[in-house]
Amino acid sequence: MIPVVLDVDTGVDDALALGLALALPELRVVAVTTVAGNVDVEQATQNTRRVLDWFGAVSIPVARGASQPLLRPHQDAREFHGTDGLGGAMLTPRRSGPILDTAAPEVMVRTARRYAGSLRLVCLGPLTNLAMAVRLEPRLPEFIERLIVMGGAFAVPGNVTPFAEFNVWSDPEAAHIVAEAGFRTIWVGLDVTTAVRFYRAVRESLAGSNLPGARLAYEVSRWAFDQRGIDSFALHDPVAVAVAAQPDLVTGERAVVQVLTSPNEIRGRTVWRAQTHAPALVAQELHTQAVYKLLQERLGLPGGEEEPTQWDDHAP
Ligand code: RIB
Ligand code: CA
């Protein structure tokens with residue numbers, strides 16, 4: 001099993017990604033760190049604890065991270081994730097695990113050192129914590145076996161602006177630091193995540209399910225389907241977790257990635273230049289049906305029917 005740290009801004013798709021990570025046999029979640037993104041960091045921390053406890057993962061520590069981006073004010077995405085960030089989910093776990101006093105960047109560095117080059121880091125929110133961790137320990141890329149980032153829009157439009165994806169847009173300076181740090185990275189951007197979706201019809205088929213993953217999906221999608229009235233939303237973060245477990249789910253090209261920070265119109269734009277020996281890979285194709293199969297097997301979420309390929313969903 002690969003030791004992983006998940007860095008999250010628990011929101012709806014982060015919640016499902018946490019559940020998937022706990023269920024995938026390839027991964028051992030050794031800690032979860034939280035960051036301001038979809039919601040404020042306090043809410044993200046509470047949501048993360050609630051989701052882990054829902055799955056009985058009460059021994060997995062959660063460490064609170066940055067309350068705002070490095071240089072910019074925090075702007076949340078509650079319109080897409082609901083006021084509580086969990087879609088109004090009604091989850092009643094029996095026990096609760098620990099929230100550490102140690103800040104997230106320090107936990108990232110300590111955990112990376114402890115696992116001495118075998119730790120896989122999966123970032124599912126703005127990259128503020130990881131940028132701070134790089135400042136704490138510039139050699140951090142040497143201790144991270146692989147970094148998987150749910151972030152960026154490389155050859156497709158963004159979901160916040162025509163150019164920028166939410167995680168990168170939220171803290172472009174942090175994403176710039178991470179992109180330049182030399183991590184062996186797989187950038188799992190909107191190019192491959194948008195195609196994996198959770199549909200209203202699938203949710204309705206889960207009503208009454210006793211499977212924890214299916215119950216979670218039913219609960220966290222209340223806001224999307226009952227309040228916003230949309231017909232589907234993308235499972236961005238679960239795709240990134242699936243890739244963390246099985247990197248061969250994506251193909252792409254090795255490249256040097258740059259994150260633009262100004263002027264404001266192109267804030268958070270991710271540009272890349274193919275380079276054969278670059279440590280980063282930009283995912284361009286995904287084995288979508290294989291991801292749906294994992295979601296079905298591990299979380300009890302049916303899916304993968306042929307669906308319309310045009311969506312107007314710009315939800316982060
Ligand atoms: O753009 C999608 C990303 O932004 C996902 O991680 C979602 O949870 C939000 O954080
Ligand atoms: Ca997220």
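Whatever order the structure lists them in is the order used to number ligands and atoms, beginning at 1.
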List ligand 1 atoms under 4.0 Å from [X], heavy atoms only on the residue side.
X: Asp14; value: 8 (O)
X: His236; value: 2 (C)
X: Glu165; value: 1 (O), 2 (C), 3 (C), 4 (O)
X: Met150; value: 2 (C), 3 (C), 5 (C), 6 (O)

Quick one, Phe233 with Phe80, criterion ring-ring contact (aromatic ring centres under 6.0 Å, His included). Give me CA distance, side-chain angles, the key distance, then yes/no. CA-CA 10 Å; Phe233 57 85; Phe80 299 106; over 10 Å; no
Within 45° of the six-membered ring axis of Phe225 and under 6.0 Å from that ring's centre, is NZ or CZ of Arg203 located there?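 No, cation not above the ring by the 6.0 Å, 45° rule.
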Does a side chain donor of either [X] or [Y] reach within less than 3.5 Å of an acceptor in the other side chain?
X: Asn38; Y: His81; value: yes
X: Asp84; Y: Asn47; value: no
X: Glu253; Y: Trp272; value: yes

Any idea which part of [X] is under 4.0 Å from ligand 1, heavy-atom wise: side chain, backbone, both or neither?
X: Leu124; result: backbone
X: Thr193; result: neither
X: Asn159; result: side chain

Same cluster (ILVMFWY, side-chain, under 4.5 Å), [X] and [Y]:
X: Val168; Y: Ile186; answer: no
X: Val62; Y: Leu86; answer: yes
X: Val29; Y: Leu119; answer: no

I'd like to know whether Arg228 forms a salt bridge (charged side-chain N to carboxylate O under 4.0 Å, His left out) with Glu79, so could you lay out the CA-CA distance, the side-chain angles of the two residues, the decisive distance to 0.1 Å, and finally the verdict. CA-CA 9 Å; Arg228 291 183 61 215; Glu79 63 186 287; over 6 Å; no
Count up the protein N, O or S atoms sitting under 3.0 Å from the Ca ion (ligand 2), would you?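 N, O or S atoms of the protein closer than 3.0 Å: 5.
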Indicate yes or no: at least one non-hydrogen side-chain atom of Glu137 is less than 4.5 angstrom from one of Phe143.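 They are in side-chain contact.
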If hydrogens are left out, which of Asn167, Val188, Asp76 has an atom nearest to atom 4 (O) of ligand 1, that is, the closest non-hydrogen atom?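 Nearest option to atom 4 (O) of ligand 1, by heavy atoms: Asn167.
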So, is Asp9 polar-close to ligand 1, with some N/O to N/O distance under 3.5 Å?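 The answer is yes, given that Asp9 and ligand 1 share an N or O pair closer than 3.5 Å.
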